[in-house]
Amino acid sequence: TPGYNSLSNQSLKASSYYLAVPINLSCAITDKLALSVGFRYINANNHTKAGLTLVDKVYGLSDYPITVDYKKSANGFGGIFGLDYAVNEKLNVAIHYETKVKLVFEADDNKGSVSLETDGKKSYRDLPAVLYTGVSYKVTDKFTAALDFNYYFQKNADWGSIGDTLDVSNQAGNCYHVALGLQYQLLPKLQVS
């Protein structure tokens, strides 16, 4: 801003939480196979509060405080599907799929002197669909190894765009997570992993 050459009293306080409420039903089809189906409700809330003061009056101007204070919230629903199969007494395989949850955030309660997100402005931040897979193998009576592979379908989620051409979720691309777990039964009531 013309007339100012320094900043003071900079602050940022932000919070973001997603409350998920799942409802699932599961059924053992056989001694080895179990299926589950359900849905989840997501309530998402973000709050941003920030401020700074423009100081050092080159042209004799007073200090100029700037504040930003707004909230954004969204609600959505998605499906949940699962399968668990005990191949034998040692080997178990599980697959769990969660559908995309469409989340359209709407800004409100704007109290700042500057409006970064005007009341009523909508922005998109879907939760992507996720495929969770896992395999566990009981090596001995006391030792179990497990492998996890999770795949996130981010390209199919709507995360809005930058400008008119850059699709944010497509730019981020799909991704995956791989994990290995080891568990050992030290005592009847004590495990280490």
Side-chain angles (χ1 to χ4, degrees), residues 1-26 36-82 95-133 150-177:
T1 301
Y4 297 93
N5 61 11
S6 186
L7 306 173
S8 72
N9 301 324
Q10 299 172 55
S11 65
L12 170 64
K13 183 178 180 182
S15 65
S16 178
Y17 68 88
Y18 287 54
L19 176 65
V21 180
I23 296 179
N24 291 307
L25 298 172
S26 60
S36 66
V37 64
F39 74 93
R40 62 180 173 156
Y41 165 73
I42 303 289
N43 174 257
N45 293 278
N46 299 327
H47 184 193
T48 302
K49 190 172 185 178
L52 59 84
T53 303
L54 300 174
V55 294
D56 286 342
K57 307 173 283 286
V58 175
Y59 300 108
L61 301 171
S62 301
D63 290 355
Y64 186 71
I66 297 173
T67 59
V68 172
D69 187 352
Y70 65 92
K71 297 175 183 175
K72 295 196 308 185
S73 60
N75 297 292
F77 292 92
I80 304 171
F81 307 93
I95 299 172
H96 178 94
Y97 179 76
E98 295 180 356
T99 66
K100 174 178 79 172
V101 177
K102 186 173 181 64
L103 292 175
V104 181
F105 284 87
E106 186 170 342
D108 66 355
D109 199 21
N110 197 325
K111 300 174 186 170
S113 63
V114 173
S115 181
L116 292 181
E117 297 272 359
T118 57
D119 286 350
K121 181 179 178 182
K122 292 183 172 28
S123 56
Y124 303 88
R125 188 66 179 185
D126 297 346
L127 289 181
V130 185
L131 177 66
Y132 300 97
T133 61
N150 306 326
Y151 194 81
Y152 300 83
F153 299 90
Q154 295 181 158
K155 285 185 177 182
N156 296 329
D158 186 353
W159 290 351
S161 61
I162 298 173
D164 294 330
T165 57
L166 185 61
D167 182 298
V168 176
S169 57
N170 196 50
Q171 188 71 21
N174 295 332
C175 65
Y176 64 89
H177 172 262

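Small disclaimer: the values here were computed from a predicted structure and weren't measured. Quick note: residue numbers are just sequence positions, from 1.
- In the model, Ser73 has no side-chain atom that pairs as donor or acceptor with a side-chain atom of Asn45 under 3.5 Å.
- Atom CG of residue Asn150 and atom OG1 of residue Thr133 lie 6.0 Å apart, to the nearest 0.5 angstrom.
- In this structure, the side chains of Tyr18 and Arg125 come closer than 4.5 Å at one or more pairs of heavy atoms.
- Counting non-hydrogen atoms of neighbouring residues, nucleotides and ligands closer than 6.0 angstrom, the CD atom of Glu106 exceeds 12 such neighbours.
- The list of salt bridge (charged side-chain N to carboxylate O under 4.0 Å, His left out) pairs with a residue in residues 39-52, not counting sequence neighbours, reads Arg40-Glu98.
- Pairing each heavy atom of Leu7 with each of Leu52, the nearest pair is CD2-CD1, 3.9 Å.
- A 4.5 Å side-chain heavy-atom check between Gln154 and Trp159 finds at least one atom pair inside the cut-off.
- One N or O on the side chain of Asp119 and one on the backbone of Asn110 form a donor-acceptor pair closer than 3.5 Å.
- A distance of 9.0 Å separates OG1 in Thr53 from CD in Gln10, rounded to the nearest 0.5 Å.
- Considering all non-hydrogen atoms of both residues, Pro65 and Asp63 come closest at CD-O, 3.6 Å.
- Inspection of the Asn9 and Ser11 side chains reveals no N or O donor paired with an N or O acceptor under 3.5 Å.
- Rounding to the nearest 0.5 Å places NE2 of His96 at 10.0 Å from CZ of Phe81.
- Between the Ser6 side chain and the Val55 main chain, no donor and acceptor come within less than 3.5 Å of each other.
- Taking CD1 of Ile80 as the reference point, atom OG of Ser26 lies at 12.0 Å (rounded to 0.5 Å).
- Relative orientation of the Phe77 and Tyr41 rings is tilted, given thresholds of 30° and 60° on the angle between their planes.
- Taking the side chain as every heavy atom from C-beta outward, Asp126 and Val101 never approach each other to under 4.5 Å.
- In this structure the side chain of Asp158 never reaches within 4.5 angstrom of the side chain of Asp167, judged on heavy atoms.
- Between Tyr17 atom OH and His47 atom NE2 the span is 11.0 Å, to the nearest 0.5 Å.
- Heavy atoms only, all atoms of each residue included: Ile162 and Val168 are closest at CG1-CG2, 3.8 Å.
- Residues forming a side-chain hydrogen bond (donor to acceptor under 3.5 Å, both in side chains) with Ser161 (at least two apart in sequence, or on another chain): none.
- Atom OG of residue Ser169 and atom CG of residue Asn156 lie 8.0 Å apart, to the nearest 0.5 angstrom.
- Thr99 has its side chain out of reach of Phe39: every pair of non-hydrogen atoms, C-beta onward, lies at least 4.5 Å apart.
- Tyr97 approaches Phe153 most closely through the heavy-atom pair CE1-CE1, 4.1 Å.
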